[in-house]
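Here the structure is a predicted model, which is why all the values come from computation and not from measurement.
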Amino acid sequence: MGALQSLSDEPEYRELAEKTGFSFEQIGILHKRFKQLSHNEDMLRRADLDTIPDLACNPIRTQIIEAFFDKRNFHQNGDGTVEEISFEEFLVVMSHFRPPALNMTEEQREKVRREKLRFLFNMHDTDNDGTITLEEYRHVVEELLSRSGALGKETAKGIADAAMLEVASISMGHMEPDEFYEGITFEHFLKILKDIEIETKMNIRFLNMDTTTLCK
């Protein structure tokens, strides 16, 4: 209890708690994991995440790692990437994987959902042109369905393939013969994922820490 009280006395921790929604205890746990990953350094680099065994077989391993170094995910106005991140930036990115609090209003829950989908969209919009391809969308759907635990990998893949074809028929069906398909925009992305319950499916286990438990 003494250690927890000392954290709450630190202004920077109070600010981080307000910014991310994590409790002081959760921030303390994540700070310990950050130090383990960074080998007790103040900054974390891509190479530090490359060594995580649980991440090695993840199909979107590269996108996950890059998400931690993408300025668009730091709750700031900016784009591009950085070579290393501080604990605050690490914590802000981790907050995207945190399930919504149980006492949220419908408006707050919708805001969290939109932020999570924006984060997910950014992970696949690697060139920051505001669109993702149909194949990238298929990967998003397959990943979300696989995380539900109720579907096998092949079933999830089949549904994802069907979803990609459906989006292609809708998107391209209204195009003129001389129009060029530029990809799925974020607003379109919101509409086509409206029936997928994203709030609890976006969690991260490769840090040896299940973020589905990080909820007040």
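- Residues Glu89 and Phe68 form no side-chain contact, since every pair of their non-hydrogen atoms from C-beta on lies 4.5 Å or further apart.
- Looking at every heavy atom in both residues, Leu117 comes nearest to Phe189 through O-CE2, 3.5 Å.
- Scanning for salt bridge (Lys or Arg N to Asp or Glu O under 4.0 Å) contacts around Arg46 gives Glu66, Glu83, with sequence neighbours left out.
- The ring pair (Phe, Tyr, Trp, His ring centres under 6.0 Å) search around Phe87 returns His31, Phe34, not counting sequence neighbours.
- Closest of all the heavy-atom pairs between Asp125 and Ile132 is N-CG2, 3.6 Å.
- The environment of Lys32 atom NZ is sparse: at most 12 non-hydrogen atoms of other residues, nucleotides or ligands sit within 6.0 angstrom.
- Listed by chain and residue number, nothing satisfies the salt bridge (Lys or Arg N to Asp or Glu O under 4.0 Å) test with Asp127 (two or more places apart in sequence, or in another chain).
- You'll find the side chain of Lys35 stays beyond 4.5 Å of the side chain of Leu44, heavy atoms only.
- With sequence neighbours excluded, the residues forming a salt bridge (Lys or Arg N to Asp or Glu O under 4.0 Å) with Glu84 are Arg45, listed by chain and number.
- Applying the ring pair (Phe, Tyr, Trp, His ring centres under 6.0 Å) rule to Phe69 yields no partners; only residues at least two apart in sequence or on another chain are considered.
- In this structure Thr105 satisfies the side chain to side chain donor-acceptor pair (under 3.5 Å) test together with Gln108, sequence neighbours excluded.
- For Glu18, the salt bridge (Lys or Arg N to Asp or Glu O under 4.0 Å) test picks out no residue, with sequence neighbours left out.
- Legend: residues meeting side chain to side chain donor-acceptor pair (under 3.5 Å) with Lys111, ordered by chain and number and at least two apart, are Glu115.
- Considering Phe22, Phe90, Phe119 in turn, Phe22 is the only one that fulfils the side-chain contact (heavy atoms from CB on, under 4.5 Å) rule with Ser95.
- In this structure, the side chain to side chain contact (heavy atoms under 4.5 Å, CB included) partners of Asn122, at least two apart in sequence or on a different chain, are Arg72, Asn73, Arg118.
- Listed here is the closest heavy atom pair of His39 and Asp48: CD2-OD1, 3.5 Å.
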